[in-house]
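So you know, we letter chains A, B, ... as the sequences are listed, proteins then strands, and number each from 1.
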Protein chains: 2
Amino acid sequence: MKVNNNLSSYIKRYIELTEEENELFQSFLKNTVLKKGDFLLKAGQTCTAKYFVVKGCVRLYYIDGKGNEQIIHFGLDNWWITEYDSLINKNPSNIYIQAIEDTLLLTLNQTSFEKLTLEIPKINTLFRIIMEKTFIASQRRLEYMLSYSGKELYQKFVSQNPEFLQRVPQYVIASYLGMTPEFYSKIRSNTI
Amino acid sequence: MKVNNNLSSYIKRYIELTEEENELFQSFLKNTVLKKGDFLLKAGQTCTAKYFVVKGCVRLYYIDGKGNEQIIHFGLDNWWITEYDSLINKNPSNIYIQAIEDTLLLTLNQTSFEKLTLEIPKINTLFRIIMEKTFIASQRRLEYMLSYSGKELYQKFVSQNPEFLQRVPQYVIASYLGMTPEFYSKIRSNTI
DNA sequence: GGAAAATCTTAATCTATTTCAAGAAATGAT
DNA sequence: ATCATTTCTTGAAATAGATTAAGATTTTCC
């Protein structure tokens with residue numbers, strides 16, 4: 001069975017698996033192909049897996065009180081994504097996960113994950129590290145939202161994530177940064 | 001050696017330890033007493049432990065670009081707190097941890113934690129659950145900040161956290177909610 | 001290729017919140 | 001008890017960003 005090289009490289013950054021362990025690990029993962037616009041998860045559904053983005057881009061969002069889509073996270077190549085609250089607490093999600101472009105993912109469902117951690121306990125360490133990195137990034141983002149103006153947020157986003165600007169619609173980036181598309185447009189054109 | 005009953009009850013909610021395992025676990029924890037105003041961590045220091053708040057209250061904050069204290073988190077009784085970025089990445093923290101009132105904590109330093117997880121592997125599960133809950137709470141908070149006005153945030157905070165209002169200075173709550181003390185005051189007096 | 005839909009831009013006006021200033025009330029130190 | 005310090009309140013003015021409206025541009029669908 002052929003292992004995914006992106007995922008193998010990703011794993012090597014955090015834990016050491018033998019070739020056999022890596023093959024065993026990846027045998028639990030299933031390919032999922034999404035077309036642009038397809039959903040991985042919709043509000044009301046219960047999330048049952050973690051996903052590794054091999055290639056493509058997805059967005060995580062919920063609908064706010066005014067009916068607007070509020071982006072909370074993206075998933076680019078080599079990112080693990082899931083909806084933690086729904087996955088862990090087994091409750092229906094309020095979050096949608098949708099492909100922004102054609103996307104290939106590897107799916108690790110929770111049952112497989114639990115079997116895996118019995119067979120390869122080091123997998124716990126890998127996912128603890130992923131969880132830690134996810135939390136730290138989330139904290140950093142909160143600090144940014146609390147400390148910077150809309151314009152400053154835009155400037156930081158652009159310099160730290162140049163790969164997004166061509167691939168993601170501008171109204172989606174605006175939402176992620178916590179501002180309206182009109183305001184985002186003014187910032188970009190320097191009328192603010 | 002006498003175990004702490006608060007902590008024993010806390011652990012029971014998530015994992016099952018034998019009496020011996022619980023005693024072994026708690027033998028790794030050291031008492032830390034803070035007076036109101038004392039620091040557990042200051043910016044520039046590297047965080048080296050996790051802390052269980054037995055009794056009291058602490059706040060986590062950083063200094064923003066304008067020299068203001070920006071509260072990012074509280075720690076009340078029965079909460080585990082740490083500064084994850086500094087602890088995990090072993091870099092100097094930008095976060096302060098300071099007692100808002102006289103506080104008793106149990107300190108689990110990282111060296112003890114690593115020894116502990118070899119002796120009681122279930123401890124990994126306990127701290128993974130704590131990490132997951134922390135992350136989910138952080139996501140919920142981000143969603144609130146993105147979706148609600150200052151007034152709405154105040155109303156939700158008051159109804160969900162009545163225990164804070166007497167114990168924490170109002171300028172500290174205002175900062176946590178992402179607003180100025182003056183605005184917080186206006187909301188409270190219904191001039192907004 | 002053309003029409004429909006989606007995305008983006010711009011300007012005027014409005015709202016939410018900050019800033020500044022001043023003073024009141026509460027708390028802490030002596 | 002008194003004074004100093006900290007916390008809280010209030011109002012006016014300013015600022016950051018949202019809303020609304022309209023139209024331009026780009027992308028998608030047939």
K.L.:
Between Ser93(A) and Glu83(A), do the side chains contain an N or O donor and an N or O acceptor separated by less than 3.5 Å?
P.N.:
yes
K.L.:
Examine distances only and state if a side-chain atom of Gln45(A) and a backbone atom of Pro92(A) form a donor-acceptor pair shorter than 3.5 Å.
P.N.:
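Flag not set: sc Gln45(A) to bb Pro92(A) has no pair under 3.5 Å.
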K.L.:
Start with the C-alpha distance between Asp77(B) and Arg167(B), add both sets of side-chain angles, then the distance that settles salt bridge (charged side-chain N to carboxylate O under 4.0 Å, His left out), and finish with yes or no.
P.N.:
CA-CA 12 Å; Asp77(B) 321 45; Arg167(B) 296 172 69 183; 3.4 Å; yes
K.L.:
Return no unless some side-chain N or O of Thr180(B) is found under 4.0 Å from OP1 or OP2 of dT18(C).
P.N.:
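Looking at the OP1 and OP2 atoms of dT18(C), one of them is under 4.0 Å from a side-chain N or O of Thr180(B).
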K.L.:
I need the CG-C1' distance between Asn190(A) and dC8(C), as an integer number of Å.
P.N.:
16 Å
K.L.:
Mind checking whether Tyr176(B) and Phe74(B) have ring centres under 6.0 Å apart?
P.N.:
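Judged by ring-centre distance (under 6.0 Å), Tyr176(B) and Phe74(B) do meet the cut-off.
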K.L.:
Please report, to 0.1 Å, the donor-acceptor pairs under 3.5 Å made by any side chain of residues 127-136 of chain A, with sequence neighbours excluded.
P.N.:
| residue | atom | partner | partner atom | Å |
| --- | --- | --- | --- | --- |
| Arg128(A) | NH1 | Glu132(A) | OE1 | 3.4 |
| Arg128(A) | NH1 | Glu132(A) | OE2 | 2.5 |
| Thr134(A) | OG1 | Ile130(A) | O | 2.7 |

K.L.:
By nearest nucleotide on DNA chain C, pick out whichever of Tyr184(B) and Tyr184(A) is the more 5' one.
P.N.:
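Here Tyr184(A) is the residue nearer the 5' end.
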K.L.:
Given atom CD of Glu152(A) and atom P of dT15(D), what is their separation to the nearest angstrom?
P.N.:
16 Å
K.L.:
Provide, to the nearest angstrom, the distance between the CG atom belonging to Leu153(A) and the P atom belonging to dA18(D).
P.N.:
11 Å
K.L.:
Quickly work out the Ile192(A) CD1 to dG17(D) P distance and round it to whole Å.
P.N.:
8 Å
K.L.:
I'd like a table of donor-acceptor pairs (distance under 3.5 Å, sequence neighbours excluded) in which one partner is a side-chain atom from residues 155-164 of chain B, with atom names and distances.
P.N.:
| residue | atom | partner | partner atom | Å |
| --- | --- | --- | --- | --- |
| Ser159(B) | OG | Gln155(B) | O | 3.4 |
| Ser159(B) | OG | Lys156(B) | O | 3.1 |
| Gln160(B) | NE2 | Tyr144(B) | OH | 3.3 |
| Asn161(B) | ND2 | Phe157(B) | O | 3.2 |

K.L.:
From OH of Tyr154(A) over to P of dC8(C), roughly how many Å is that when rounded to an integer?
P.N.:
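Computing the Tyr154(A):OH to dC8(C):P distance gives 12 Å.
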K.L.:
How is Gly178(A) classified with respect to the nucleic acid when contacts are heavy atoms under 4.0 Å: base, sugar-phosphate, or nothing?
P.N.:
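If one applies the 4.0 Å heavy-atom cut-off, Gly178(A) turns out to touch the sugar-phosphate alone, with no base involved.
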K.L.:
Taking NZ from Lys66(A) and C1' from dT20(D), how many angstroms apart are they, rounded to a whole number?
P.N.:
13 Å
K.L.:
For the pair Trp80(A) and Phe52(A), name the ring-plane relationship: parallel under 30°, tilted 30 to 60°, perpendicular over 60°.
P.N.:
tilted
K.L.:
Please assess Asp85(B) against Arg140(A) for the test salt bridge (charged side-chain N to carboxylate O under 4.0 Å, His left out), listing each intermediate value before the final yes or no.
P.N.:
CA-CA 9 Å; Asp85(B) 191 2; Arg140(A) 187 54 42 83; 2.7 Å; yes
K.L.:
Is there a donor-acceptor contact under 3.5 Å linking the side chains of Asn22(A) and Ser8(A)?
P.N.:
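Yes, Ser8(A) and Asn22(A) have a side-chain donor paired with an acceptor closer than 3.5 Å.
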K.L.:
How close or far is atom P of dT18(C) from atom CD of Gln70(B), stated in whole angstroms?
P.N.:
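From Gln70(B) CD to dT18(C) P: 10 Å.
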K.L.:
What about Tyr184(A) and Tyr154(A), are their ring centers closer than 6.0 Å?
P.N.:
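Yes, close enough.
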K.L.:
For Thr46(A) and Ser86(A), does a side-chain donor sit closer than 3.5 Å to a side-chain acceptor?
P.N.:
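Not at all, the side chains of Thr46(A) and Ser86(A) share no donor-acceptor pair under 3.5 Å.
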K.L.:
Counting only non-hydrogen atoms, which of residues 56-65 of chain B are less than 4.0 Å from DNA chain D?
P.N.:
none
K.L.:
Would you check if there is a donor-acceptor pair between the side chains of Asn109(A) and Ser112(A) at a distance under 3.5 Å?
P.N.:
yes
K.L.:
Check the interface with nucleotides 23-30 of chain D: list each N/O to N/O pair with the protein under 3.5 Å, or write none.
P.N.:
| residue | atom | partner | partner atom | Å |
| --- | --- | --- | --- | --- |
| dT28(D) | OP1 | Lys36(A) | NZ | 3.2 |

K.L.:
Does the side chain of Glu152(A) come under 3.5 Å of the side chain of Ser149(A) through a donor N or O and an acceptor N or O?
P.N.:
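Side chains of Glu152(A) and Ser149(A): pair found under 3.5 Å.
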K.L.:
Kindly give the atom pairs (protein nitrogen or oxygen, nucleotide nitrogen or oxygen) under 3.5 Å for nucleotides 10-14 of chain C.
P.N.:
| residue | atom | partner | partner atom | Å |
| --- | --- | --- | --- | --- |
| dT10(C) | OP2 | Ser189(A) | OG | 3.3 |
| dA12(C) | N6 | Lys186(A) | NZ | 3.0 |

K.L.:
Strictly below 4.0 Å, heavy-atom distances to any atom of DNA chain C: list the hits from residues 160-175 of chain A, or just say none.
P.N.:
Pro169(A), Gln170(A), Tyr171(A)
K.L.:
Please check the phosphate of dT9(D) (OP1 and OP2 only) for any side-chain N or O of Arg188(B) closer than 4.0 Å.
P.N.:
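It does, given that an N or O in the side chain of Arg188(B) lies less than 4.0 Å from OP1 or OP2 of dT9(D).
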K.L.:
Using whole Å, report how far CD1 of Ile187(B) lies from P of dT10(D).
P.N.:
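Those two atoms, CD1 and P, are 13 Å apart.
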K.L.:
Please report the C-alpha distance between Glu16(B) and Lys122(B) in whole Å, then the side-chain angles of each, then the deciding distance to 0.1 Å, and finally whether the salt bridge (charged side-chain N to carboxylate O under 4.0 Å, His left out) criterion is met.
P.N.:
CA-CA 8 Å; Glu16(B) 221 169 291; Lys122(B) 271 182 284 183; over 6 Å; no
